[in-house]
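Structure first, commentary second.
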Amino acid sequence: MIQGIFYARFFPKEGPKIVAQSPPGCITSVDSATSGGNASSNLRAPLVDFDVLHEYIIPRQAFCNRYVTINCPEGKYSILGYPVLIPHTKYMRNEFIFNFGLLVEADVDQAAYEPVVRRLAATFSEMEKQNEYLSQSEGRPVESDGRGGYESRRPIESLLEIVKEDLNNYGECMIPVDEANTINMKLFPPHPNPPPVKGWHVPVSKTKFSDIVDPTWDLTLQKVISHIDGVSDVRRIAHAAHVSLDLAKTALRHLLYYDTILLLDMFFFGACYAPRPGIHDFIKNIDGMIDECAEYVSHGGRRLSNFHFVRLMTSFVPGRTVIEWLWAHQEAGLEVLRYIDVRRFVQFGLIKGLLYRVHKYVVSKQYLAALVSGQSHPVEHGDPIQKYTDGCHHFDQIITEQDLTDDEIVEKLKALRVSRGDLAIFYR
Amino acid sequence: MSSVNSDNFLAVALVINRSRDGPAFVFHYPEQVQPTSSAIEQPDPNELEDILLERLSQPADRDGVAGTDSDDLPPRYWKHDEHIMTESGSQIVPWEHVAGFPARDLASILTPARAYHKTQFQLSLDPLYCVSYPVHVPENGKWKKAKKVDKDAGSSKAGNERTAPQESESAPSKTEEAPKDKDGKNAKDESDEEKRSSMTMFNLVFILQPRKHDVKGLVDTLYSNIVKKANKAYMYSQQHSDFVWKESKRILAAKEKAREEQKKMSALWKEILHSSSLAASMHDIYEAVSQNRIAALHLDTAAGLLTPSFQIPIPFYVPDIPQDTDQDQRGLWLTSANAFLSQDALEEPGFLDRNFALLLMDDEKKIISELQADPDMTTVSMVEFVRLSKPTMSFYQVAQSNVLTLNQVREYAQHFIFWRRAIAIPPLHARDVYIVSPNCDPRRLPQDSIEWQRLFPVAPPLPNFLSELSQSPRPYKHFSPSKAHRPSFLLMLAWLMRRGWVTQLCTFAYVVVWPEIIYEVDYEMEAEELAAAREKAASEAAEHEDSSHHQHRHSKDQVPTTPLSAEPVSEASSPTTATDSQPPTTAEHAAEMARLERIAAKAHHEATEKAIAHGRKFVPIATAHPSLNDALHLKGITPHIILDAKKATGLESRYLSAISARFKDEKLKGAWQTFCRYFDGRSALERIALQEDMKRKEAWNQLTAMTEYLLCTRHW
């Protein structure tokens, strides 16, 4: 929430001053003579001490024309501003300095407001350069008489008020300032950059794309979206959508940025999954998680009891593949496949942070030694598989990048020209 | 927590204000501060929709601004080391431009008003971000505190120490309080009284360049751990020996002289760092903090050597697998041992002592020699502690040796942990299961393989050993070829743990109540209920002769649990007899009585039905394996999970005792009672033996005997 918005100027004689502010009295107290009729309501003390802060609102030249923020000493508010200095001989002292700033609570995320402050500065400095929009009023208080002292001009104070109100209430504003200029602004929630998308990731949509996609969307994005099914990996999607792998990755990363998809990895019955501490939330059925799971994984027939779901989820363990897990339950008398979709069950566990995938890696000691000594290519024209043998690349990566199956990789590894017992496979 | 590095932490700068001469930029380190424009995150492309904005967001715009005195601006190709004479005859001094700003302007904007005294000062000058904790001279204009206030100064220093985690007297800043401090001071105090320092404030500013989404995290981390403490340490030195002002004067004088001599900046900086312990301490702060080490300062003040130290505590574990993006946390020990500690456990005396052991992060011999290199009163016992502490022994067990007290053990352990020489882990045990940590950092594999080979020349190579550990989880002892190898295998395990290669696979349990038990308890309770009702009915029948009115009301109240007996017929007649004895006063009364009668009869009928139903029910039979009992009468009952057996009440506690009754062995029965408190999904079963002071094997055997009633899940 914007707590206050102001327009400050440097006056050659009086020094820095707040010319307009909204709400009135938020930065400097407004005395009744200039504030118009409703003086009595404005007698509240300012939220900050302008005497302390003016040196950051109208700073020295060196700090002008950049985004400047300062916290107030009480630590309650921050002032976000962009002091602008326009050098020109027509001005007294050959320069015109002003700042349109915001007052926000110190603990809110300020990143969303930075573009707003920059935009205000840009618009008004351009308008000043065009037709001296700001300096016209030089020497005269802008609000001298509330009833449109200036011909067709909206007083800055009311302009600021609209900006503040609209941004606070609607997150955007569109305000015509004069015939030529309009202030269009929107608050965008800042998102951090998402991690890169890899070929072996499996995107799962979190939103119903069919409802929101329209023909104006990027064509690649549309193609990629139509192939997101929660099963296909990125490589497959790119292939099926006739899109280059890199473009597909970029498109997916875009979706990831807006939190509309999440990334899992490929599901194999031969892969291994194991519990994470989050599994206890499932056991305790926090937020009806088990029912959500049942909804997601049950296919026809009878719904398993909550106890069964808990039993199934908790019985994953490192070193036991999904197939082995299925057998174990079958032996105990539960035909898991008859009741649930195992892939979706595992996926549910992964999405909710109940399970993690135990990946498979291969290490060649020879290759490790080569890495240490600095020759990363110990074998001339080394096999393409060799670069994966440093223990940093899981089999999923080899599968997607080399287009091989697990078994084929093992065969290739056996064919590598390394000494006996050089290779070790480990899981983590 | 945001990690601090030299990309987002650009420099430290000391700025002062003087009563007569105004603000001065005293010193900054490192000497070259160049905000990297590549690191300036460009706003989102969609924000740059017009040229106007683009122009404003670009640093190039600054040229236009400073157009008025572009003469004084350094040329672009300048390497920032030599002095430059401009055509107009002015001299450009390399150290008078810091991070793209004139130093005198920075000095002015970084000396905030008294309102900021000892509070957070946070100023962003795109792209820089300045954070500090300005310190002003007290209102009376004297830095030196009078004798009585001496305590106050001490306490602020103590506060300084307190904020360091797990600090104790023996910990780092114990040398900070130079004993001569007090003695030498009093005498000098009087004479110096007159010479009032003309420094009105100082401000050690931390210049950052955080990434946009990371501002708050970085500023908070740095401010609370470093900025505040560093400024407080300087304040202490200033109050006690006018240190900051004296050093500042020297540095400023050296700079002035160098300006005249046109000395190269690099030469001047070398000289200042060498001659001023204040400047050197800024160097130490920057170098240590930007590399996330412990900053240990040496302030050579007139009142003695001050050695404050501070750090951004590094996490030594993660409770869950971090996101792919969190590369910083790769390789950290993965454990829920800390995150799962409940408040109850923490409040339980001795819990931590029994559940944790010390794992040295470095070679034992190396640590001992470090200790001996800097001997003091505690050195001997600390060395003893290092020798005694094994990662296989809990603190409690170490204290059992009777060489050190438990308090000493705790205190020393905290000391080593603070100094990042050790971490606390659940004691290692050969019977426990260790797996390759999903959070291990395989990028370390090449280096660590070599180190492993060096330390354990006869062991299998690291990749092979990890491979074995990761195949299927087994107790660690199975990997050791013989019992004689056990100790060296435990050393290997400690090393793997230290390097984050492995983590313990723990077992967490809940109690499962099988349908057989549920049925049994339900049946029992129903029988009890019926018996109680019967008893009541019997006593009521006796009463009933006295006051039939009362009886009526009573039996109405009792409807749901109405008695029941072997002869329902005679029972059924009782209400009738009651009405008989009723004196028929009015018609209404009669009607009312009839209504009551009908209700009673109905209730009675229901009760009878219930009793009959109960009688027809299958009498519970205890089978040897309740979990496998699929008898017809148990159909439709789903097993129940008790989420916290320790806090079970009512029905759940009856289930627990019903299960307890199933254990034939008395010892096992007792163990069930004791162990129940660990069946809450938070306590690793592997640690019960430690907590209960039992033999590992015995505890495990008993747990094994209970497995039928436990739902277990295994993770770190």
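These values consider heavy atoms only, across backbone and side chains, with no hydrogens, waters or symmetry-generated copies. Every value quoted in this text rests on a predicted model; they were computed, and no experiment measured them. Throughout, protein chains are lettered first and strands after them, A, B, ... in sequence-line order, and every chain is numbered starting at 1.
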Quick one: does B/Asp126's side chain have a donor or acceptor within less than 3.5 Å of a partner on A/Arg66's backbone? no
Leading residue by heavy atom contact count with chain B [cutoff under 4.5 Å; candidates A/Ile70, A/Val310, A/Thr314, A/Asn71]: A/Asn71
Strictly below 4.0 Å, N to O, side chains only: are B/Arg682 and B/Asp680 in salt-bridge contact? no
Please step through side chain to side chain contact (heavy atoms under 4.5 Å, CB included) for the pair A/Phe96 and A/His88, ending with a clear verdict. CA-CA 8 Å; A/Phe96 184 79; A/His88 199 283; over 6 Å; no
Under 4.5 Å from any heavy atom of chain A, what part of B/Leu106 do you find: side chain, backbone, both or neither? both
Okay, B/Val512 and chain A: the region with an atom under 4.5 Å from a heavy atom over there is side chain
Quick check on B/Ser108 against chain A: is it the side chain, the backbone, both or neither that has a heavy atom closer than 4.5 Å? both
Chain B contact via A/Val363 - side chain, backbone, both or neither, heavy atoms under 4.5 Å: side chain
Atom group of B/Cys440 that falls short of 4.5 Å from chain A, counting heavy atoms: both
Which residue is it: A/Leu350, A/Leu354, A/Val358, A/Thr321? I am looking for the one with a side chain to side chain contact (heavy atoms under 4.5 Å, CB included) to A/Tyr273. A/Leu350
Per-residue contact mode, B/Leu445 against chain A (heavy atom under 4.5 angstrom): both
With chain A, which of B/Leu466, B/Leu128, B/Asn464 has the greatest number of heavy-atom pairs at distances under 4.5 Å? B/Asn464
Between A/Arg428 and A/Tyr361, does any side-chain donor sit less than 3.5 Å from a side-chain acceptor? yes
Quick one: what part of A/Leu263 sits under 4.5 Å from any heavy atom of chain B, side chain, backbone, both or neither? neither
I'd like to verify something: which residue of B/Ala115, B/Pro112, B/Ser627, B/Pro639 has the highest number of heavy-atom pairs under 4.5 Å with chain A? B/Pro639
Sort B/Ser437 into side chain, backbone, both or neither according to what part of it lies under 4.5 angstrom from a heavy atom of chain A. backbone
Any non-hydrogen side-chain atom of A/Thr69 less than 4.5 Å from a side-chain atom of B/Tyr129? yes
Tell me, side chain or backbone of A/Lys284 under 4.5 Å from chain B's heavy atoms, or both, or neither? both
What part of B/Leu123 gets closer than 4.5 Å to chain A, counting heavy atoms only: side chain, backbone, both or neither? both
Side chain, backbone, both or neither of B/Pro134 within contact of chain A (heavy atoms, under 4.5 Å): neither
Using a cut-off of under 4.5 Å on heavy-atom pairs, state which of B/Pro319, B/Pro463, B/Ser472 scores highest against chain A. B/Pro463
Please classify the contact between A/Asp390 and chain B as side chain, backbone, both or neither, with a heavy-atom cut-off of under 4.5 Å. backbone
Tell me, out of B/Ala113, B/Pro442, B/Ser336, who's got the most heavy-atom pairs with chain A below 4.5 Å. B/Pro442
Given that the side chain runs from C-beta out, which part of A/Ile283 has a heavy atom under 4.5 Å from chain B: side chain, backbone, both or neither? both
Pair B/Asp448-B/Trp501, side-chain donor/acceptor within less than 3.5 Å: yes
Looking at A/His254, I want to see if its NE2 is surrounded by more than 12 non-hydrogen atoms of other residues, nucleotides or ligands under 6.0 Å. no
Under 4.5 Å heavy-atom distance to chain B, tell me which part of A/Arg276 shows up: side chain, backbone, both or neither. both
Picking from A/Gly319, A/Cys392, A/Pro277, A/Ala424, which has the most non-hydrogen pairs under 4.5 angstrom with chain B? A/Pro277
Quick check on B/Leu505 against chain A: is it the side chain, the backbone, both or neither that has a heavy atom closer than 4.5 Å? side chain
For B/Phe121, is it the side chain, the backbone, both, or neither that has a heavy atom closer than 4.5 Å to a heavy atom of chain A? both
Is the gap between the ring centers of B/His715 and A/Tyr356 under 6.0 Å? no
Does any heavy atom of chain A fall under 4.5 Å from the side chain of B/Ile435, the backbone, both, or neither of them? side chain
Which of B/Gln120, B/Arg114, B/His117 touches chain A most, by non-hydrogen pairs under 4.5 Å: B/Gln120
Any donor-acceptor pair under 3.5 Å from A/Glu95 side chain to A/Leu85 backbone: no
Is there a side-chain contact between A/Phe100 and A/Val117, using heavy atoms and a 4.5 Å cut-off? no
Under 3.5 Å, is there a donor-acceptor pair between the side chain of B/Lys216 and the main chain of A/Gln110? no
Between B/Gln471 and B/Ser467, is any side-chain donor less than 3.5 angstrom from a side-chain acceptor? yes
Please confirm whether the backbone N or O of A/Cys272 pairs with a side-chain atom of A/Trp325, one donor and one acceptor, at under 3.5 Å? no
Of the listed residues (B/Thr119, B/Leu125, B/Thr638), which shares the most heavy-atom pairs with chain A below a 4.5 Å separation? B/Leu125
Sub-4.5 Å side-chain heavy-atom contact between A/Leu368 and B/Leu462: no
